[in-house]
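Proteins get letters first, then strands, A, B, ... in listed order; numbering begins at 1 in each. Keep in mind the model is a prediction, meaning the values are calculated, not measured.
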Amino acid sequence: MIRFFRFSPSRLALVYIALSVLTLALFAIPLWYAWRVNLSTFREYVQGEEMQRLALVFDGEGAKGLATAMESQVRSLPGDKIMVFADPSKRRLAGNLAAWPAEVPDGPGTYGLVIGLGGGSTMRVVASHVILPGGYHLLMGRESVRFESLVERFWYGITGAMVIVVVLGAVIGWLSHRALLSEVHEISRTASAIVKGDLSRRVVSSGGSHELESLARTVNGMLEQLARQNVQLEGEIAVRRKAEQALHRAHDDLERLVAERTVQLARANESLHRSETYLAEAQRLSLTGSFGWNVSSGEIYWSQETFRIFEYDPATKLTLELVLQRTHPEDRALARQVIDRASQERKELDFERRLLMPDGSVKYVRVVGHPSTNESGNVEFVGAVTDITERKRTEQRLRAQYTVTQLLAEATTIEEVTPKILQTVCEFLLWDLGALWSLDRQASVLRCVEVWHKESVKVPQFEAVRCEITFMPGIELPGRVWSRHEPAYISDVVHDTNFPHASIAAREGLHAAFAFPILLGGDVLGVMEFFSREIRQPEQELLNMMATLGSQIGQFIERKRAEDGLRHAQMELAHVTRVATLGEMTASIAHEINQPLGALVNNLGACLGWLSAANLEEARNSVALVMDDAQRASEIITRIRSLVKKAPPQKDWLEINQTIREVIALAQSEVQRNHIALETQLSDDMPLVFADRIQLQQVMLNLMMNAIEAMIQVTGPRELLISSEADDSKGVVVVVRDSGPGLDSKSLERLFEPFYTTKPQGMGMGLAICRSIVQAHGGRLWATTNRDRGASFHFSLPTGEELA
Amino acid sequence: MSEPDAMVFVVDDDAQTRDALKNLMRSVGLQVEVFASAQDFLRSKRPDVPACLVLDVRLRGLSGLDLQKRMAEAKIEVPIIFITGYGDIPMTVQAMKAGAVEFLTKPFRNQELLDAIQQALERDRSTREQRAKNEELHTRYDSLTPREREVMTLVVAGLLNKQIAGELRTSETTVKNHRHQVMEKMGADSVAELVKMAYKLGIATVK
């Protein structure tokens, strides 16, 4: 705002005029309007209905009465005061009017008047003067305070507007004065800045007047000129100053560099020495030696550690042949190939190989090398050789141990797992031949029962004599292990005094050997021995591991023995219960066999009849029928015999419904004899189960016989329902449901316990065996009580898909 | 096909036994029809000739004894020979009481069965003849007028013509005529024969 006023005094004057007019207009227009509005309102009022109504009661003759009536009428009127005046001489005073107002003209009209009232008071009224018939003058007035004050306000308004206009004038005058002066000030400030040497300042013109503006421009132009010259001068000075500084710096740098170099050199010397020591130490500790190999010149450089790994004297003149000589014969060809290829293709070297030491021991090394080209263009390999023997051995030992543990966990018989263990130890721990010696308790000797060696290992004589001979305690390697109960190691059997087959071993190139006992609680069950074609120094860790392995195998044998015993006992028990069940069914079985036998007799009789009638065709048919009957009888007997037979479990894929039907056929007579209604609901869509047929039949038969026996006790309907179905989650489920007396909660709990029985003749083993059979098949056997009556026995078996 | 002169029915749920029995009976020239269940037998349409039923006691569904009861209810008067794998005494008693011809326990000899069958067929044959005769008698009796029946009743009661005339308040000649008619219609050669017939018809009253 201030900037605007400063801008131009002439413009300020214009603003002043505009504001004045605006102010006057702002005051005058509403006043004028109010004036006009009031006048028209008044007119409306005077010509209004009330006046006319008053005029109706006037009569020229009874003026006095009229006046009185008017008075009372008027007084009773609400609102503004209205006064009525009448003059007897046509101008009689009436009401509280002091005197007929002189300013009332003779003619009728409407006027603003000041009228005198009694007691010297006056009142401003707007009155209407009407000449009534009969010459009466009627003046009706209305107090017009509003109207008057409006006129007064009008005058006050005008006065106020004037005052505002005057004050506005003064303010604007003062502002324009300031605007002009500020411009002059700006110029003078700029001038004094120049005097002080500040050439950057410029006059900022606010455009107050043209003259001042042009003056400002001139001053600014002058300043520009001055500034340009100044910049030039300063540039020259700066260049010179920079050159001087650079000179100084260069000097300082030189001095500092010389000092630093001196220190570095000293430090480098020291650290080089230290690095060398560290490197040698590190190489020794990490069993890593370094090497350099110039491919074209054949020159080889080795670090001390490399010499140590290869077990060469550090003074040896090194050649590639010498290096390859140390390489294990089996790895030599491969090593040569790798080296050749790397040198030709200048590729990174990274391979593992074995070294064969003069004492016959084997080392594993890992060689890594990086090719580089030196200044003369020759390829040179720089690399490292790490002795990884220990790591390799540990790794292989762990792998061997893991594999053997796994083999033992998965194996079912010791005979099956032994060759695998021999093979694992040989392959992982690099032994060439392994044998198992089993203890012959009766003869009290060790007898070789298993030999394993790689196909490539040819030791026919040694193998032959080992298989024939037996050892007493203390004799040879197995005998020694047997008597000492601990592993034994022979670095070279050829030179061992207690090794009768030394000469054969020497001929067939077998040297190192070790053996360990298969122990179970202090008893030696057998001995495992291994031979190598190398001479090897004893390894304590290997022997420790083998001792563990020995007891592991011992435990396995013990576990298998226990399992076999248990299995055998279970089989016996199952057999006994089967036979017992069949015993209970003797009558039914007899009938079952009688059925086809009866048919057979009938058919034979018929055959005789046909023969005597010379009807050969029918006779032949009869004989065919006889054969069928005999077949059926024999099938029944076979079925029963298979149940009676004491056979080890033999699992096969079978249809459960077929098995169920076979058992139903067997128990059919029993069902009929006891008036039992048998219903079967066998699902058509049944997957195969992997099970022992006889055992499943035993379970089914047992459950059926139990159900039948349960129902004999009741008088109600005897209903036996046998159902089978395939269940997604449970596999195959078979249910045997009876309508017997059912089971109480105590029975439900103990039902499957051995020797728990509710039958007077029962052994109490039936259901216990059934459950163990079903569980051995990976299934479940359980009982439930039916909602209406009786009990249901369910068993589930996993199906083929689940096993797969 | 001509009507056979006799029929043997076999109901046994064991197919092999069924076939063997059928074979045996055919070999001795018997007409035989076999059924696997009691229901099948009840549903079948049997020729109206002398017959017998060889029935297994233990049948799945309706048992042999049940079938015997049903047949009695339905007035199927075919003599029954029971066969069973293991007969017990109460069962045998029940069957025989209900009119079984024979109760054979497996294994039985062929001849035993064949004899029983012959016996049963014989019994059925005579029963049938008896029944046929009875039926003829009834037809004849039905052809008599009420008066003639009255006369017949009095004749078989041993009254003389005069007494009958007195009893019926009619002339002796009329009684004589009626009596002649009765003898004629009933096919009786003598009063003694008429009396026998009256006994069979159950109209004879002893005075």
Inset, instruction - Check whether B:Arg109 gets within reach of chain A through its side chain, its backbone, both or neither, counting any heavy atom under 4.5 Å. - result: neither
Legend entry - B:Lys196 with B:Glu193: basic N within carboxylate O range, under 4.0 Å: no
Legend entry - Top contributor to chain B interface from A:Ala613, A:Ala599, A:Ala606, A:Ser612 [non-hydrogen pairs under 4.5 Å]: A:Ala606
Legend entry - Carboxylate-amine/guanidinium proximity below 4.0 Å for B:Asp124 and B:Arg128: yes
Inset, instruction - Could you check which of B:Asp14, B:Thr17, B:Asn23 has the highest count of heavy-atom pairs closer than 4.5 Å to chain A? - result: B:Asn23
Inset, instruction - Give a yes-or-no answer on whether the side chains of A:Glu662 and A:Gln697 include a donor-acceptor pair shorter than 3.5 Å. - result: yes
Inset, instruction - With rounding to the nearest 0.5 Å, note down the distance linking OG in A:Ser634 to CG in A:Asp629. - result: 11.5 Å
